[in-house]
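Proteins come first, then strands; the chains are lettered A, B, ... in the order of their sequence lines, and each starts at number 1. Predicted model, so just to flag it, every value in this text is computed and none were measured.
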There are 2 protein chains.
Amino acid sequence: MTLERTFRALADPTRRAIVEQLGSGPATVGSLAAPHPMSLPAITKHLRVLEAAGVVRRDRRGRTIVCTLEAAPLREAESWLADRRLFWSATLDRLERLLGADSPADRGHADTKEQDG
Amino acid sequence: MTLERTFRALADPTRRAIVEQLGSGPATVGSLAAPHPMSLPAITKHLRVLEAAGVVRRDRRGRTIVCTLEAAPLREAESWLADRRLFWSATLDRLERLLGADSPADRGHADTKEQDG
DNA sequence: GAAAGTGTTAACCGAATGGTTAACTATGGT
DNA sequence: ACCATAGTTAACCATTCGGTTAACACTTTC
């Protein structure tokens with residue numbers, strides 16, 4: 001599944017940093033590796049994971065390789081999260097009150113405080 | 001980092017299914033386990049991962065345990081993706097043209113070839 | 001065509017993941 | 001008290017992950 005690969009790819013902080021860097025535009029493998037205190041093969045592996053998820057594309061360009069961010073999988077992941085949000089924003093509060101009414105235990109967050117942002 | 005735990009939690013299909021089910025409202029551990037062809041301890045572990053990420057909350061309720069979806073981490077993950085999107089939608093095309101102008105090799109995504117999959 | 005530059009592949013390693021079964025804890029019902 | 005219900009914890013196992021070093025491959029330059 002694409003979602004699985006995408007979320008797993010984004011789970012690693014190094015790979016997220018790579019994606020963030022690619023947000024400033026395409027970059028070579030070397031320049032992507034530079035900020036990270038690890039060997040080049042490690043970066044190669046991370047890029048393979050990102051590429052397998054479809055998040056980045058790699059194009060040979062002379063003797064360097066240029067990596068570019070690919071939109072589709074990130075968009076798909078965002079959509080999945082957005083679908084979940086349809087719930088939290090609206091339904092959550094109502095359902096929790098239903099639960100709370102049945103047994104007023106110390107779950108204490110339903111009526112007095114709201115940590116929404 | 002919260003983002004790391006959140007993305008890692010969502011990387012597993014079973015855990016995503018749990019989150020989706022919780023989108024219909026709070027549920028007991030048993031009812032969350034029912035749809036999945038695995039043992040209860042496996043589900044317990046998945047719930048611990050989701051709880052560690054702050055994605056679900058567990059409240060004892062008699063001899064059952066009610067799990068509820070928690071908004072904050074999902075919102076944070078969605079925000080991270082949304083920030084990335086600021087790039088793909090607008091800047092990508094322009095940057096790629098800059099790159100392409102420098103050396104018109106067959107980076108071929110614009111008009112001729114497309115190996116996307 | 002040999003040397004240097006840019007990445008990848010291969011082999012290996014320790015730690016984390018995702019699952020199992022068996023034993024245990026905790027609550028509720030009789 | 002005793003038993004059933006609902007979940008967790010413990011111990012274990014195979015696989016995957018994230019990193020390493022060493023060797024290889026492709027491109028450019030001299």
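At the heavy-atom level, B:Thr64 lies under 4.0 Å from the strands shown only through sugar-phosphate atoms.
Summarising the geometry, the separation between CZ on B:Arg5 and P on C:dA16 is reported as 12 Å, rounded to the nearest angstrom. Separating the CG atom of A:Leu40 from the C1' atom of C:dT9 is a distance of 12 Å, rounded to the nearest angstrom. Distance, B:Glu51 CD to D:dT8 C1': 12 Å, rounded to whole Å. Atom CZ of A:Arg60 and atom P of D:dA25 are 13 Å apart (whole Å). Atom pair A:Leu47:CG and C:dT9:P shows a separation of 11 Å (rounding to whole Å applied). Separating the CD1 atom of B:Ile65 from the C1' atom of D:dT5 is a distance of 13 Å, rounded to the nearest angstrom. Straight-line distance from the CG atom of A:Leu50 to the P atom of D:dG18: 10 Å, rounded to whole Å. Counting to the nearest Å, the P atom of D:dC17 and the CZ atom of A:Arg16 are 16 Å from each other.
With the nearest nucleotide of DNA chain C identified for both A:Thr44 and B:Arg63, A:Thr44 has the one nearer the 5' end. Mapping B:Val29 and A:Met38 onto DNA chain D by nearest heavy atom places B:Val29 closer to the 5' end of the strand.
Listed nucleotides C:dT20, C:dT8, D:dG18 differ in distance to A:Asp12; the shortest reach to its side chain belongs to D:dG18. Of the candidate nucleotides C:dA22, D:dG7, C:dG18, C:dA22 has the atom lying nearest to any side-chain atom of B:Pro41.
For A:Arg8, a side-chain nitrogen or oxygen approaches OP1 or OP2 of C:dG18 to under 4.0 Å. Between A:Arg15 and D:dG18, a side-chain N or O to OP1/OP2 separation shorter than 4.0 Å is present. Between B:Arg58 and D:dT8 there is a side-chain N or O to OP1 or OP2 distance below 4.0 Å. Between A:Arg48 and C:dT9, a side-chain N or O to OP1/OP2 separation shorter than 4.0 Å is present.
Remark: side-chain polar atoms of A:Arg15 are paired, donor with acceptor, to backbone N or O of A:Arg8 under 3.5 angstrom.
Between A:Asp83 and A:Arg85 there is no salt bridge, since no side-chain nitrogen of the basic residue lies less than 4.0 Å from a carboxylate oxygen of the acidic one. Ion pairing between B:Glu20 and B:Arg16 fails under the 4.0 Å rule for side-chain N and carboxylate O.
Nearest heavy atoms, A:Arg57 versus A:Glu70: NE-OE1, 3.0 Å.
When side chains are defined from C-beta on, A:Arg75 does not count as touching B:Leu81, because their heavy atoms never get closer than 4.5 Å.
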